[in-house]
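Please read the structure below before turning to the comments.
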Amino acid sequence: MEIPTKYEPGRAEKLWYEYWMKHGFFRSEPDDREPYTIVIPPPNVTGVLHMGHMLNNTIQDVLVRRARMLGKNACWVPGTDHASIATEAKVVAKLKSEGISKHDLTREEFLGHAWDWTRKHGGIILEQLKKLGASCDWDRTLFTMDAERYDSVVKVFVDLYNKGLIYRGVRMVNWDPQAKTAVSDEEVYFTEEQSKLYYVRYKIVGWNDYVTVATTRPETILGDTAVCANPNDPRYQHLKGKKIHVPMTNREVPFIFDEYVDMEFGTGCLKITPAHDINDYEIGLKHKLESIDIFNDDGTINERAGMFAGVDRFTAKELAEKELKKTGNLLKVVPYNNKIGRSERTHAIIEPRLSTQWFLTMEKISKPALDAVMNGDIHLHPSKFRNLYRHWMENVRDWCISRQLWWGHRIPAWYYNNGEIVVAENAEQALELARMKSGNARLKESDLRQDEDVLDTWFSSWLWPITSFDGINKPGNPDLKYYYPTNDLITAPEILFFWVARMIIAGYEYMGDKPFRNVYLTGLVRDQQRRKMSKSLGNSPEPLDLIEKYGADGVRVGMLLCSPAGNDLLYDDSLPEQGRNFANKIWNAFRLVNGWKTDTKIPQPESSAAAVRWMDEALKKGTAEIDSHFRRFRISEALMVVYKLFWDEFSGWYLEAIKPEFEKPADKTTYDATLGFFDRLLRLIHPFMPFISEDIWQLLAERKDGESIMISRMPESRKYNKELIARFETVKELISSVRSVRKERDIPNREKLTLIVRADEKSADSEFIPVVVKLCNLESVSFIKTKLEGAASFMVGTTEYYIPLGEKLDKKAELLKIREDIDYYRGFLASVLKKLENERFVQNAPANVLELERKKKSDTESKIKSLQEREKELKKI
RNA sequence: GGGACGUUAGCUCAGCUGGUUCAGAGCGCUUGCUUGACAGGCAAGAGGUCACUGGUUCGAUCCCAGUACGCCCCA
């Protein structure tokens, strides 16, 4: 059968993924093996796969596949997130394109559309993950808004409320006056816009004097409740304790001091409007100032302003300007560039506005989560994130958990009478509670009104490791007991606080235990200019196209090769290309071995026997290194070991060393050993490249239906012979040197050479001499004890080698080379001597270091000596 | 403004907490190769005052301080 010279990934990917699914290899049920659990960071339900997902899920799959092959009961739980903001925005946009406005729909109607959308687009992303080779237990697929998860979220809210940890409070939100809704920070974009800076004078009460304030928003003067300067500003010290009269009103407000004020900006004096500026709000809280909200929902001025009631905010600005000018309070107006926040959806200018929101008290419940990371109960990889985590957790703020949206878990709070609140799992319980609390048994369900808002998306995902096993609804169920705490969490550092920290908090609050043992933080995928990959920039390749082009294995390797933990990955097409080339290399190594015929009558050549002995040790060494890298989550380095083990050691050295002559059969012993090595290598490769490893593994021997590399055992780490490996490294150096001699003198490969070693036959690395003979195409190797004249020479370690060249010897070139070597070694010797002649070094350095330096000295001296001898000999000729 | 991290070869990064595992890897680059598995390959090479300035030490890429630049998170 003719095997193509290039590996074709498409066929293998389809064939083997179906095979794995058919045999249920991804499924996991509790048993008596050790569990290994990962819960997926749930992608947005209506999202599509991007490069970040590719990286993240490749890493998870590598870990899961490896754990499985280490004999653990591996369970990777997949699922999607309802992503309230993102999904709702998409549904709103889709309805808009059909001419439907969200405000024309009832909540139920809108949710109907949202569910339709979710059912239509939901889970596409999970199908895409399958193309990547993800070995999730698909029978466990979850959704943050499915029935069990929804109930869990509601139960947790009620529980936290009853524990007194949830409260209602005022907070500044980004208000979109056109859509009449609050929008999240993520939905606000900033543009640099030309505006004006107004210098307005405020009268100092009791004095015939003024203080000047610079502001971009004269209309909000109507809501001012203080004027503020920096406490270190000498210009305003005399105003301590004074009252200031706010123009256009009859209010007198305090003059206060706060470090927040920038002395360089404007006049160094700031008007404080707590209801309409986020920074003013903070200052207002600190100084216990009154907040006067002067705007209506639609951005018009309300009665509380005392002036301009009913006027739009932009008109109000013009009117205020006129009014101030008329009273002589407007001193000057200068052009000014500032950053204006606009709503992503309506492009209206955002109005900061106070509103009542639900909050979760964080301080108490976050304590165990801080401790867990600090005392090493949970490991962050790389560990540099510990400091960041600590800083955040020590300064944790209360969590605003309500969102003015419909798509999500509706807040289980009901209002009745005039602002009385009950919190319960459902309407019936709420009614019962309300009757009890009010003492009014006649309250009807229609007297209760449920809160319109939903919960922050993270308020469901913070429970993910628990709800993945339905741990809130069914505490202590068998799955939960077996799989919780999970092992590793793989996610991006940007959501360390939003998500990871909160999962840890929830874990201790609801399970009394950590949700996972290790957190591996991946980097961001960026393009060559270090820009984030994003849809809007259009700089992100389409992942499925990449898989099509380079193969899933190739793309996986590409993603992993260049992404050490916590470092960004600068994506370039050369990465999956390298991965594809590696797959091809494996494929061709298989073609070679597969093409050999064996003959049991042929004895094993010495060179092959030696190569087999070495390859076995090299594999043991590689396996140990891979284990060690995985223990420390150095996944790209583990892959690099596999890569070099296969490409350099196995293909480059071993296969070349044992390769039978053209169209001649191989001996059985070597052949079997080679298949054994190939098998071990494929198993090491499998977690990284599941498809090609399975494809070749299935061809390597007769396999029965139901056999698979993915359920075979990973080669185990064993002690290896360091000394033998070191000897072979010297042999490699020797072989390279002979090749150099050929290259420098243009001696073709097929021309046989003679190698002479200045050493005792027994003391040399005679074990591998047959390998050298074969790889260098040597006529013979002999040993002498004296110098040899008229030959090319070189040194490996402290041993001298000669290759007689007869006429071809270029005396001048040889001499030059020797001269260079002598100069180099003399320089080296000088640096060693400098140390050894330093008395304090000799006195203070540890014995072994001293010993090493002395050995360096004697080795180098002997090298120089033999080079000099040789130089003398050459000159004689 | 507060905080965290970083600066090592043309690029992306290792260097596991001071001494032949010390200056490394992969990619890229240069020069040869129709070498009967693979040009998606093979062979041989070139490339770095380890950001800068001080300090500690017998000895610093590694520890300390400062400077410069970069990046991220929070506000």
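Each chain gets a letter, A, B and so on, in the order the sequences are listed, and its residues count up from 1.
Per the geometry, CG belonging to Asn174(A) stands 11 Å off P belonging to A75(B), to the nearest Å. Rounded to whole Å, the distance from NE2 on His381(A) to C1' on C16(B) is 14 Å. Here the C1' atom of nucleotide G26(B) and the CG atom of Asp572(A) are 13 Å apart, to the nearest Å. One interatomic measurement links the two molecules: CG of Leu639(A) to P of C27(B), which rounds to 12 Å at whole-angstrom precision. Between Asp627(A) atom CG and C16(B) atom C1' there is a gap of 16 Å when expressed in whole angstrom units. We find that CZ of Arg390(A) is positioned 21 Å from P of C73(B), with the value rounded to whole Å. Between Leu575(A) atom CG and C13(B) atom P the separation is 11 Å, expressed in whole Å. Look at CG on Leu836(A): it is 17 Å from P on C58(B), rounded to the nearest Å.
If you take CE on Met689(A) and CD1 on Ile696(A), they are separated by 9.0 Å, rounding to the nearest 0.5 Å.
As rounded to the nearest Å, G41(B) and G54(B) have P atoms that lie 48 Å from one another. Atom name P, nucleotides U8(B) and G15(B): the rounded distance is 14 Å, in whole Å. Across the P atoms, C38(B) and C52(B) are found 48 Å apart, a figure rounded to whole Å. Of the C1' atoms belonging to G6(B) and C27(B), the separation is 22 Å, rounded to the nearest Å. Between A9(B) and A4(B), the two P atoms lie 27 Å apart (nearest whole Å). Going from the P atom of U17(B) to that of C13(B) covers 22 Å, rounded to whole Å. Only the P atoms considered, C62(B) is 14 Å distant from U20(B), to the nearest whole Å. For the C1' atom pair drawn from C16(B) and C74(B), the interatomic distance equals 32 Å after rounding to whole Å.
Within the 4.5 Å cutoff, side-chain heavy atoms of Asn777(A) are placed close to those of Arg742(A). Side chains of Phe385(A) and Pro493(A) form a contact here, defined as non-hydrogen atoms less than 4.5 Å apart.
Atom CD of Glu656(A) is surrounded by more than 12 heavy atoms from other residues, nucleotides or ligands within 6.0 Å. The 12-atom threshold is not exceeded at CD of Glu548(A), counting heavy atoms of other residues, nucleotides or ligands nearer than 6.0 Å.
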Readout for nucleotides 37-50 of chain B: B = base within 4.0 Å of protein heavy atom, S = sugar-phosphate only, - = neither; 5' to 3' it is BB-BSSBBS-----
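Classified by interplanar angle (parallel below 30°, tilted 30° to 60°, perpendicular above 60°), the ring pair Phe650(A)/Phe678(A) is perpendicular. Under the 30°/60° scheme for interplanar angles, the aromatic rings of Phe677(A) and Tyr654(A) are found to stand perpendicular. Ring planes of Phe582(A) and Phe646(A): perpendicular class, angle over 60° (limits at 30 and 60°).
Nearest approach of Phe498(A) to Glu494(A), heavy atoms of both residues: CD1-O, 4.0 Å.
Salt bridge annotation for Glu851(A)-Arg854(A): absent, with no cationic side-chain nitrogen under 4.0 angstrom from a carboxylate oxygen. In this structure, Glu723(A) pairs ionically with Arg727(A), as a charged nitrogen and a carboxylate oxygen lie closer than 4.0 Å. For Lys732(A) and Glu649(A), the salt-bridge test passes: some basic side-chain N is under 4.0 Å from an acidic carboxylate O. By the 4.0 Å N-to-carboxylate-O rule, Lys857(A) lies close enough to Glu861(A) to be salt-bridged with it.
A donor-acceptor contact under 3.5 Å is formed by the side chain of Arg632(A) with the base of C16(B).
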### Task
Might you work through the side chain to side chain contact (heavy atoms under 4.5 Å, CB included) test for Ile256(A) and Ile283(A), ending with a clear yes or no?
CA-CA 10 Å; Ile256(A) 58 170; Ile283(A) 293 174; 3.9 Å; yes
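Base orientation of G36(B): anti, the glycosidic angle falling outside 90° of 0. With its glycosidic angle more than 90° from 0, U17(B) adopts the anti conformation. A glycosidic torsion no more than 90° from 0 defines the syn conformation, and U21(B) adopts it. Shown here, U67(B) is classed anti by the O4'-C1'-N9-C4 or O4'-C1'-N1-C2 angle, which is more than 90° from 0.
A sub-4.0 Å separation between OP1 or OP2 of C27(B) and a side-chain N or O of Tyr643(A) is present. Applying the 4.0 Å criterion to OP1 and OP2 of C33(B), one finds that Arg742(A) has every side-chain N and O outside that range.
Listed candidates were C58(B), C16(B), G26(B). Nearest to the side chain of Gln578(A) is G26(B).
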The dot-bracket string of RNA chain B, counting Watson-Crick and G-U wobble pairs with both distances under 3.5 Å, using [ ] for crossing pairs and | for pairs to another strand, is (((.(((..((((.....[....)))).(((((.......))))).....(((((..]....)))))))).))).
Polar atom pairs (N or O), protein with nucleotides 1-5 of chain B, under 3.5 Å:
{"residue": "G3(B)", "atom": "O2'", "partner": "His391(A)", "partner atom": "ND1", "Å": "3.4"}
{"residue": "C5(B)", "atom": "OP1", "partner": "Asn387(A)", "partner atom": "ND2", "Å": "2.6"}

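Checking Glu853(A) against Lys644(A), the closest nucleotide of RNA chain B that is more toward the 5' end is the one next to Glu853(A).
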